Amino acid sequence: MRIYTTRSRTTEEFVPLSPGEVRMYVCGVTVYDLCHIGHARSAIVFDVLQRYLRAKGYRVTFVKNFTDIDDKIINRAEAEGQAPHEISERYIAEFRADMAAIGVAVPDIEPKATEHIPEMIRLIERLVVDGFAYVVDGDVYFEVRRFPEYGRLSGKNLDDLLAGARVDVDERKRDPRDFALWKSSKPGEPAWPSPWGSGRPGWHIECSAMAMRYLGESFDLHGGGEDLVFPHHECEIAQSEAATGKAFVRTWVHNGFVNFASEKMSKSLGNVLTIKDIARKYPADALRLWFLNTHYRHPIEYSEERLAENARALERFQVLITDVLGIESRAFFDVPLPAKFGDSPPWVTALMALGNREPVRTYVAVAARRFEEAMDDDLSTPEARAALFGLARELDAYRRDGGDARAFASGVRALVALGRALGLFTELPEQAGPSPEVERLVAERGEARKRRDFKRSDELRAQIQGLGWTVEDTPAGPRLTRRTR
RNA sequence: GGCGGCGUACCCAAGUGGUUAAGGGAGCGGACUGCAAAUCCGUUAUGCGGCGGUUCGAAUCCGCCCGCCGCCUCCA
């Protein structure tokens, strides 16, 4: 598998430090407000990566933090007359609800900054002792000059950053580029005791401390939005590698932004759309399908029309799954993907127990191979997505041409298994929903059609529609789906 | 100013040196249907921002130009 890493700006073969095991860390959110779809994209990008790695057979340890102490949280707390921890806890709960709503799996470990202050202090102490950091009036700064590699990740020239026009000049710092590891606290602010007096951690140190705590001093992959490249990840590398003398992270992965009307979506521009806004109107898989259509490193422009299109496209899969659910149980779909699924006739054979000449076998094998090759190439989800649509069309055509029902079901099951490697189809279409009344109307409509009383039949269809269900007539009988149209 | 990205059909979006330029949405024609829906088949870019160049061959490499965006400050 090949992944683009920001540090070298090239796509490199991804080789975990420990064979078969991937340790990854992703910068989570600062919990002071609701999450917007930009956060959703980042969460989904790394959710896809994490799921795909597991599908490939890696044992994955996925850590994603909460930044629960920060100026913005303190300001918000003050504005609302609440304690900072009340604000952060509230938005952590909102975050969890949002992630569940968009089908993002819970990471293995979700550390909070405030619960790792001792680890941060120990790390800062190491840096002070080794001369990489200095203390001024209860603040501790990392001395950038001491770390020659500073700027490499983001491709910045140290001189260009010097006395940067937009960097606040603090007379007490030895160099304007130096960044805070520890900040002394003002009265009334949250504070922890430290060797340098009462204070709180700087932003960057928390990720280094928590990543090392759970993943070790060197680990495989670190991710986040592209805006974190500088200064956040640059600083993480500096402080971590200065402290340990070891390479901190092998692969740096950064996702592109969600833009709004061609502009970056951000709170300061006032053009944010929250995850709740989206989740209310569109299924999680529609959102995911939309993101999957654009490579993760490219910017993507939000438009409600795009979401509607993808909701529409999603129905192609849902119809297939719904029809299989008519003859198979939901557990039928719970099959794992083999580690090498694109080149695995045994899996295809076992999965379908079909003859060599069964075309569905070929459809699945070809699609799985195309899918895996795409994903192995720096997560080319647009191509992987296309493989899914291609397989869906072949299965539809196969069925239409009178193919074997079991083979068809097995093909759909394989489609679902592939999709699940991307986090799609984790929730199967609603099935056990129709009320007795709807069922009665459907039955009555069937009778009316038998009598060729189409006027009555159409009235009943309208009634059923009014109750939130769409009834379609297929050769196999009526298909009932919960749909908006 | 420094660094980086983008411009492909009606819309979105892959592809980054070599078969007939993925896929989705939308439109159109046809099949199927009591009518629909779903689905299938066909169809919509001799051309990939513009102009030059390299090459047997370029959307893909080089040069110039035009337009758009991001980072350099908290930020997914």
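Keep in mind that what you see is a predicted model, and the values were worked out from it rather than measured. By convention in this document, chain letters (A, B, ...) are assigned in the order of the sequence lines, proteins followed by strands, and residues within each chain are numbered from 1.
The heavy-atom pair separating A/Arg96 from A/Glu110 by the smallest distance is NH2-OE1, 3.1 Å.
Rounded to whole Å, the separation between the P atoms of B/G18 and B/G53 comes to 22 Å. Between B/A14 and B/A45, the two C1' atoms lie 15 Å apart (nearest whole Å). The separation of B/U60 from B/C69, taken at their P atoms, amounts to 24 Å, rounded to a whole angstrom. The separation of B/G15 from B/G30, taken at their P atoms, amounts to 37 Å, rounded to a whole angstrom.
Following rounding to the nearest Å, A/His298 (NE2) and B/C6 (P) show an atom-to-atom distance of 5 Å. In this structure, the CG atom of A/Leu388 is 14 Å from the P atom of B/G23, given to the nearest Å. Between the CZ atom of A/Arg399 and the P atom of B/A38 there is a distance of 13 Å, rounded to whole Å. At whole-Å resolution of the value, CZ in A/Phe230 and P in B/G2 are 17 Å apart.
Using a 4.0 Å cut-off between charged side-chain N and carboxylate O, A/Asp404 and A/Arg406 make no salt bridge. Salt-bridge annotation for A/Glu226 and A/Arg297: absent, with no side-chain N of the basic residue lying under 4.0 Å from a carboxylate O of the acidic one.
An OP1 or OP2 oxygen of B/C71 is reached within less than 4.0 angstrom by no side-chain nitrogen or oxygen of A/Arg297. At the phosphate of B/U33, neither OP1 nor OP2 sits under 4.0 Å from any side-chain N or O atom of A/Arg449. Taking side-chain N and O atoms only, A/Arg312 has no distance below 4.0 Å to OP1 or OP2 of B/G24.
Contacts of A/Arg288 with the nucleic acid, taken as non-hydrogen atoms under 4.0 Å apart, are absent. Residue A/His254 is out of contact with every strand shown, counting any heavy-atom pair closer than 4.0 Å. Residue A/Asp396 is in sugar-phosphate contact alone, with no base atom involved, counting any heavy-atom pair closer than 4.0 Å across all strands shown. Looking at heavy-atom distances under 4.0 Å, A/Thr294 makes contact with sugar-phosphate atoms alone, never a base. The residue A/Glu305 sits apart from the nucleic acid: no heavy atom pair falls under 4.0 Å.
For the pair A/Asp70 and A/Arg306, both in contact range of RNA chain B, the more 5′-proximal nearest nucleotide belongs to A/Arg306. Between A/Ala392 and A/Asp473, the residue anchored nearer the 5' end of RNA chain B, judged by the nucleotide with its closest heavy atom, is A/Asp473.
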For A/Gln463 and A/Arg445: C-alpha separation, side-chain torsions, deciding distance, then whether side-chain hydrogen bond (donor to acceptor under 3.5 Å, both in side chains) applies.
CA-CA 10 Å; A/Gln463 271 188 48; A/Arg445 179 167 174 277; over 6 Å; no
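Between the side chain of A/Asp285 and the backbone N or O of A/Phe425 there is at least one donor-acceptor pair closer than 3.5 Å. Judged by distance alone, with hydrogens and angles left aside, the side-chain atoms of A/Arg41 form no donor-acceptor pair with the main-chain N or O of A/Asn255 at under 3.5 Å. Proximity of a side-chain donor or acceptor of A/Gln50 to a complementary backbone N or O of A/Val60 within less than 3.5 Å is not detected.
No close placement of the A/Tyr91 and A/Phe66 rings is indicated, their centers lying 6.0 Å or farther apart. Aromatic ring centres of A/His233 and A/His254 lie closer together than 6.0 Å.
Secondary-structure stems of RNA chain B, taken as three or more successive Watson-Crick or G-U wobble pairs (i with j, i+1 with j-1) under a 3.5 Å distance threshold, comprise B:1-7 with B:66-72, B:10-12 with B:23-25, B:26-31 with B:39-44, B:49-53 with B:61-65.
Residues A/Tyr25 and A/Phe46 are not in side-chain contact: their nearest non-hydrogen atoms beyond the backbone lie 4.5 Å or more apart.
Using a 4.0 Å cut-off on heavy atoms, the residues of residues 451-461 of chain A that approach RNA chain B are A/Arg452, A/Phe454, A/Ser457, A/Asp458, A/Arg461, listed by number.
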